[in-house]
Each structure stands twice: as C-alpha cells, then as structure tokens.
Amino acid sequence: MTTVLLVEDDPAISEPLARAFGREGYQVRAHGTGTGALAEVQDADIIVLDLGLPDMDGLDVARQVRAQGLATPILMLTARSEETDLVVGLDAGADDYVTKPFRLAELLARVRAQVRRASGEVAEDSLSVGGVRVDVAGRRAFVGSRELQLTIREFELLRVLVRGASLGGGAVAADDILKEVWGEDPTGTRQTLEMHVTWLRRKLGDDVDAPALLVADGEGYRLTAA
Ligand code: CA
C-alpha cells in the first residue's frame, strides 16, 4: 500500500486532502508540524509538504529528508508564486510543486505521477508529434532522442501543445493554454505565456525570430509536425 505523508498545518486544506488520498486508496499519515513529519519520513512513499509550517520551513524539512539519503518524492504546496520561485530556485529537493489554491484533481494527478515514477513503473501515456515526444506520466520531454530540461510550466505548455497537435493539428487558444497551465495563478497572463513560448522555442531548437516548429496561429499557438 502506498503511504502518503501529508504535512500541512491548515486543517481546511489537510482534512479534505487526507480524505481524497484515502479515496485514492493511499494510506495517509497527516502531520501539522515539520518535526512530527520528520519522525515518520522513513515509512513514506511520497511526501506532500506545505512550505509554511508553524515550527519550521518546509524547505528545511525537504533538505533533512534528502540529508537522510531518502529519495522519496516530495511535492511542495506553496501559497504564492514568489514562494514557487523559491522552491524551484533553491533546489532543496522538491520534485514538484502545486500553488494554492490548487485543483484537487491536478494535485492527485501529480501525486500519482510521482508515485509511479518513484516505483519505476513504465509510463504508458506518451504523446508525440513530429520529433517531439512527451512522456506525461514520467514528466519528461524529448526532441528525437535528446531529452529537454524543462521547468514545470514549460513542460505543461509543451504537453498541451503536443496534445492539441496530436488531436488533429489545430492551434490551442492562448486562453485555454493559460487556463490549463496556470489555472488560478494570477501570474498566468498573455505576457507570461509569450515568455514561456520563447523559452520553449529555444529549448526545442526552434528559431526564435522565425519559428517553424512552435508557431503563433490566430489567437493561440500550434506545434507543427515539421
Ligand atoms: Ca501553512
């Protein structure tokens, strides 16, 4: 049985989450403090960790888990986008993050993906268009045999575009991309999207000035099979 160690001091978040994990068939150990959680990390298959805990910083919990030599997947819950930058920037050992308020379905999908990856299961859901392939469950992306080093947003953006392209080659509207990739996050604006498109083009090896692979199309973007 998969054990989720849930570390969150706000019962309005932890209680519904614990119930949802239970419904998914996970065994749940819930803690409101970092100290309490650290006593149980050895038994966890995945750690869902709030950044702002009353007794210590969630990043310190993550560091201590890694300092014990544990590779247990850690999914951070962050309250603001500035915190997200911190989590990603500091590289304290978190594998993924979700910004509050999050959609329950999204968080559960992220947890499933991390559990699957940690257990070494072969990812079945893979999408591709042209030479671009996205391994959705494993959260990896490739151009030919070259693996791309993408941030979580870049990965999500690419996933949405590859899915759009493989479902008939149409463009994906910018508003739909923003809804799916940024959700309720207020940093999800057209400008942010344009920046991410530029970064993604660079990583794909597309020409940023005259893109041929990730092209603007009407009110959105399209990934070509070129
Ligand atoms: Ca908190």
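Atoms within a ligand are numbered from 1 in the order they appear, just like the ligands themselves.
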Practice prompt. Give a yes or no on whether a salt bridge exists between R139 and E156, defined as a side-chain N under 4.0 angstrom from a carboxylate O.
Written response: yes
Practice prompt. Assess whether side-chain contact (heavy atoms from CB on, under 4.5 Å) is satisfied between T151 and W199, documenting all intermediate values.
Written response: CA-CA 10 Å; T151 64; W199 296 333; over 6 Å; no
Using atom types as modelled, flag every donor-acceptor pair under 3.5 Å from a side chain in residues 35-42 to any protein atom, sequence neighbours excluded.
residue, atom, partner, partner atom, Å
T35, OG1, D55, OD2, 2.4
E40, OE1, H31, NE2, 3.1
Q42, NE2, Q68, OE1, 3.1

Fill in: Rounded distance (nearest 0.5 Å) linking atom CG of L161 with atom CD1 of I177
5.0 Å
Worksheet item: Protein N/O/S atoms under 3.0 Å of the Ca ion (ligand 1)?
Response: D9 OD1, D50 OD2, G52 O
Worksheet item: Hey, which of T187, D185, T192 is the one that makes side chain to side chain donor-acceptor pair (under 3.5 Å) with T189?
Response: T192
Item to complete: For E184, look at atom CD and say whether over 12 heavy atoms of other residues, nucleotides or ligands are found less than 6.0 Å away.
Response: no
